[in-house]
Amino acid sequence: MKKQRTILKQDLVKKLYPNSVSVSAAMQQLRREIDISPEFKEKIANAGHPKRHYYNKQQLAIILEHFCITMEEFHEL
């Protein structure tokens, strides 16, 4: 099985916010969560370019750590 090096932001928010009305609303919730904490925002920016349509593995790990989710739990979602 081939491991992914990146994950699309849309796929991530679908898993993090399954009860959201739409993908754009879920993206807005994630952006709001990131903007609330300057430390969190800086960690994500330092791990890679934040303006792309995907997150790299380091950024994903930072986000999951913030939400207290392990990689195994994330893959089960």
Side-chain angles (χ1 to χ4, degrees):
M1 186 172 140
K2 193 174 182 179
K3 288 191 176 184
Q4 288 184 319
R5 292 173 48 191
T6 61
I7 182 165
L8 287 173
K9 289 181 178 182
Q10 291 181 348
D11 293 341
L12 175 65
V13 297
K14 285 178 191 176
K15 290 184 176 188
L16 290 178
Y17 303 103
N19 297 330
S20 187
V21 174
S22 66
V23 174
S24 60
M27 286 293 296
Q28 189 175 17
Q29 283 182 302
L30 180 61
R31 271 188 244 115
R32 197 175 302 129
E33 184 74 29
I34 292 171
D35 289 340
I36 287 173
S37 173
E39 293 174 5
F40 183 42
K41 188 174 185 175
E42 186 177 335
K43 281 183 185 178
I44 291 174
N46 290 339
H49 194 278
K51 298 278 184 181
R52 304 202 181 215
H53 295 287
Y54 59 85
Y55 286 119
N56 63 32
K57 232 175 159 180
Q58 288 177 320
Q59 291 169 323
L60 177 62
I62 292 168
I63 292 169
L64 294 179
E65 180 184 325
H66 179 77
F67 285 101
C68 300
I69 300 173
T70 64
M71 278 291 195
E72 292 79 25
E73 291 173 335
F74 176 71
H75 290 298
E76 290 176 7
L77 293 176

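These numbers come from a predicted model, not from an experiment. Residues: numbered from 1 along the sequence shown.
The hydrophobic cluster containing Ile34 also includes Ile7, Leu12, Val13, Leu16, Tyr17, Val23, Met27, Leu30, Phe40, Ile44, Tyr55, Leu60, Ile62, Ile63, Leu64, Phe67, Ile69, Met71, Phe74, Leu77, under a criterion of side-chain heavy atoms closer than 4.5 Å among ILVMFWY residues, counted directly or through chains of members.
Enclosure of atom NZ in Lys41 is not indicated, since only 12 or fewer non-hydrogen atoms of other residues, nucleotides or ligands lie within 6.0 angstrom. In Gln10, the CD atom is not crowded: 12 or fewer heavy atoms of neighbouring residues, nucleotides or ligands sit closer than 6.0 Å. Atom CD of Glu73 sits in a crowded spot, with more than 12 heavy atoms from other residues, nucleotides or ligands closer than 6.0 Å.
Side-chain contact between His66 and Lys43 is absent, with no heavy atoms from C-beta onward closer than 4.5 Å.
Contact detail for Ala47 and Gln59: the closest heavy-atom pair is CB-CG, 3.7 Å. For the residue pair Ser20 and Ala26, the shortest heavy atom distance occurs at OG-N, 3.2 Å.
Checked against side-chain contact (heavy atoms from CB on, under 4.5 Å), Ala61 has no partners two or more places apart in sequence or in another chain.
Within the model, atoms CZ of Arg31 and CG of Asp35 stand 8.5 Å from one another, a figure rounded to the nearest 0.5 Å.
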